[in-house]
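Quick note on labels: first sequence line is chain A, next is B, and so on, each numbered from 1. Keep in mind that this is a model prediction, so the values were computed, not measured.
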Number of protein chains: 2
Amino acid sequence: MFQTGIVMAHQNRDQEYLGKLQDYFSQYRNLPSYAVIGNLLGMASKSAVSALVKRLTLAGYIEMTPDKRLAPTKRFFERELADFPVPAGLPAAANDAMSESLTIDEYLIPRPSSTVLVKVKGDSMIEAGIHDGDIAIVEKRHAASLGDKVIAIVDGEYTLKTLAKDKQGFLLQPENADYAPIRPQEGLEIYGVMVGLIRKYR
Amino acid sequence: MFQTGIVMAHQNRDQEYLGKLQDYFSQYRNLPSYAVIGNLLGMASKSAVSALVKRLTLAGYIEMTPDKRLAPTKRFFERELADFPVPAGLPAAANDAMSESLTIDEYLIPRPSSTVLVKVKGDSMIEAGIHDGDIAIVEKRHAASLGDKVIAIVDGEYTLKTLAKDKQGFLLQPENADYAPIRPQEGLEIYGVMVGLIRKYR
DNA sequence: ACCCTAGGCGAACGAATGTTCCAAACGGGG
DNA sequence: CCCCGTTTGGAACATTCGTTCGCCTAGGGT
């Protein structure tokens with residue numbers, strides 16, 4: 001449905017309603033039942049709420065999960081993304097990069113249960129822009145591709161290196177000319193793959 | 001109902017269950033009904049789910065909204081920061097000494113209202129481990145200290161450089177030998193200070 | 001070997017859910 | 001001023017919800 005400049009009949013109470021739902025969600029992290037929405041918005045009947053929900057669903061703010069429960073969509077959180085305003089003229093706002101995400105967590109971590117954060121020690125990866133004290137976001141899995149930065153288990157020690165391969169087989173390549181590649185004697189065990197990085201400046 | 005290969009002891013499957021709920025929420029942004037939780041986790045009866053929910057509520061991962069709907073708590077989104085990855089699925093036995101729990105947003109963004117995300121362009125800061133395409137977390141303020149990485153406005157252009165000073169005054173120092181320092185002719189206007197960095201691989 | 005206990009099963013139950021239908025109120029355009 | 005599309009109120013409805021209860025199983029402790 002297009003919202004051109006033309007004003008439609010008695011509409012945009014919906015915007016206000018949406019705002020209240022956003023507030024509610026931000027406080028409780030879920031959407032209430034139709035009845036509760038009703039007296040939250042000052043509606044006396046659930047059919048009014050039902051109609052509202054239909055409108056908001058059509059507008060893309062709300063959706064149904066496979067098991068028919070109300071859930072907010074990404075667009076539902078637009079207001080929060082607008083919390084990072086960008087002055088006119090700033091060439092590249094990261095909102096573009098993250099426009100599909102509500103939070104940094106979600107941007108970086110699609111599978112929470114198999115993701116761990118690991119603090120980086122040492123400077124063996126410094127030429128890849130991975131510094132001592134940075135935090136690596138690691139997705140736990142045993143399969144990796146060449147060129148991936150992986151957490152591997154070598155002699156019972158965990159180490160972060162780039163996965164590489166030559167004629168003799170797989171090897172773990174540091175990103176620092178001062179370090180030598182590691183060639184696992186036996187099988188190479190991969191703990192997880194680094195999918196992101198965060199760093200905090202003090 | 002079958003059990004996965006190894007019959008595990010009678011222990012904290014709860015951690016595994018929590019993980020699946022986290023994944024579910026991360027995908028749908030709400031928690032499903034007990035019945036759905038049931039077959040999501042391989043439980044045949046809702047009473048088992050009910051018990052699980054009680055346990056998770058007690059552990060502080062889940063709570064009830066005022067209108068008795070299931071909602072995740074903040075802790076639900078926290079993840080453990082380990083100095084080294086932990087081998088097996090060690091339950092979150094809260095050994096505070098070795099790890100802290102946090103959400104990435106809270107970790108990186110203490111002052112949301114004055115924080116902006118900016119995508120990094122170019123490689124002028126590459127020796128500081130800041131790469132093209134990284135996202136800088138910038139706190140908007142006009143004061144900065146020497147050595148801070150700042151977003152400065154030079155000739156109407158926004159640029160990320162290290163703030164430095166010599167006998168002639170302030171200057172903006174790239175972290176790349178191929179680039180020359182920038183010496184602002186007039187006043188140096190600082191848009192904000194870089195307080196963090198995030199990067200996503202692939 | 002025994003018991004003990006936590007966790008899961010299955011069924012029954014009242015309460016609450018969201019849908020649907022129709023009628024009434026609202027407000028702008030003609 | 002009236003008309004008409006839109007929105008809300010109200011009630012009936014089948015469905016689904018989460019709770020509760022007793023029973024059962026499997027491990028671990030002693």
Side-chain angles (χ1 to χ4, degrees), chain A residues 1-21 24-25 28-59 61-73, chain B residues 1-21 24-25 28-59 61-72 88-89 91-93:
Chain A
M1 176 177 295
F2 303 104
Q3 301 279 80
T4 56
I6 301 163
V7 177
M8 300 178 63
H10 352 146
Q11 93 256 51
N12 276 344
R13 300 267 293 170
D14 281 10
Q15 204 61 31
E16 169 197 343
Y17 294 154
L18 176 60
K20 294 203 175 154
L21 290 180
Y24 187 97
F25 189 96
Y28 295 115
R29 289 170 294 277
N30 83 355
L31 291 176
S33 72
Y34 283 26
V36 173
I37 293 179
N39 60 24
L40 195 66
L41 306 184
M43 290 170 169
S45 82
K46 289 186 289 180
S47 55
V49 177
S50 178
L52 171 66
V53 168
K54 257 184 204 109
R55 272 173 274 142
L56 290 180
T57 302
L58 223 55
Y61 289 105
I62 281 181
E63 68 184 355
M64 290 295 186
T65 64
D67 37 298
K68 314 228 183 205
R69 307 204 101 178
L70 236 43
T73 62
Chain B
M1 183 57 53
F2 60 91
Q3 298 283 36
T4 48
I6 306 158
V7 177
M8 299 191 67
H10 216 190
Q11 72 220 26
N12 263 2
R13 304 264 311 201
D14 282 9
Q15 201 64 28
E16 170 197 342
Y17 295 154
L18 176 61
K20 295 206 174 149
L21 289 180
Y24 187 97
F25 190 96
Y28 295 115
R29 289 169 296 280
N30 83 355
L31 292 175
S33 73
Y34 282 28
V36 173
I37 293 179
N39 60 24
L40 194 66
L41 305 185
M43 290 170 169
S45 82
K46 290 184 291 179
S47 54
V49 177
S50 177
L52 170 66
V53 168
K54 257 183 204 112
R55 273 174 272 141
L56 291 180
T57 302
L58 222 56
Y61 289 105
I62 281 181
E63 68 184 355
M64 290 295 187
T65 64
D67 37 300
K68 317 231 180 206
R69 307 203 106 184
L70 234 45

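- Between A:Tyr17 and the options A:Ile37, A:Leu40, A:Val49, A:Leu52, a side chain to side chain contact (heavy atoms under 4.5 Å, CB included) holds for only A:Leu52.
- If you take CG of B:Asn39 and C1' of D:dC17, they are 15 Å apart, rounded to a whole angstrom.
- With C:dT17, D:dT19, C:dC9 as the choices, the nucleotide that has an atom nearest any side-chain atom of B:Tyr34 turns out to be D:dT19.
- Protein atom CD1 of A:Ile37 is 14 Å distant from nucleotide atom C1' of C:dA16, rounded to whole Å.
- A sub-4.0 Å separation between OP1 or OP2 of D:dT19 and a side-chain N or O of B:Ser50 is present.
- The distance from atom NZ of B:Lys68 to atom P of D:dT19 is 9 Å, rounded to the nearest whole Å.
- Going from atom CG of B:Leu31 over to atom CZ of B:Phe25 covers 6.0 Å, rounded to the nearest 0.5 Å.
- The phosphate of D:dA26 has neither OP1 nor OP2 within less than 4.0 Å of any side-chain N or O from B:Arg13.
- The CG-C1' distance, from A:Leu31 to C:dA16, rounds to 17 Å in whole Å.
- Considering only side-chain atoms of B:Met64, the nucleotide from C:dT19, D:dT19, C:dG8 that sits closest is D:dT19.
- Proximity of B:Ser47 to the phosphate of C:dG8: no side-chain N or O atom is located under 4.0 Å from OP1 or OP2.
- When heavy atoms are screened at a 4.0 angstrom cut-off, B:Ala51 is found touching no nucleic acid atom at all.
- Under the 3.5 Å distance criterion, the side-chain polar atoms of B:Asn30 are matched with a main-chain donor or acceptor of A:Leu70.
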Open item on the list: Run B:Tyr24 and A:Thr65 through side-chain contact (heavy atoms from CB on, under 4.5 Å) and show every step you take.
Closed with: CA-CA 10 Å; B:Tyr24 187 97; A:Thr65 64; 4.0 Å; yes
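- The residue among B:Leu52 and B:Asp67 whose nearest nucleotide of DNA chain C lies closer to the 5′ end is B:Leu52.
- A:Leu70 places its CG atom 13 Å from the P atom of C:dT17, with the value rounded to the nearest Å.
- Rounded to whole Å, atom C1' of C:dT17 lies 15 Å from atom CG of B:Asn30.
- Side-chain proximity of B:Lys54 to D:dG9, D:dT20, C:dC9: nearest is D:dT20.
- Whole-Å rounding puts the A:Lys46 NZ to D:dT16 C1' distance at 12 Å.
- Side chain of B:Arg69, nearest nucleotide from D:dG10, D:dC17, C:dT17: C:dT17.
- Taking the side chain of A:Ala48 as heavy atoms from C-beta on, and the options D:dG9, C:dG8, D:dC17, the nearest nucleotide is D:dG9.
- Here the rule is salt bridge (charged side-chain N to carboxylate O under 4.0 Å, His left out) with B:Asp14, and of B:Lys54, B:Arg55, B:Lys20 only B:Arg55 fits it.
- Comparing D:dC17, C:dG7, C:dC9 against the side chain of B:Met43 picks out C:dC9 as the nearest.
- The nearest whole Å value for the distance from the CG atom in B:Leu58 to the P atom in C:dG7 is 12 Å.
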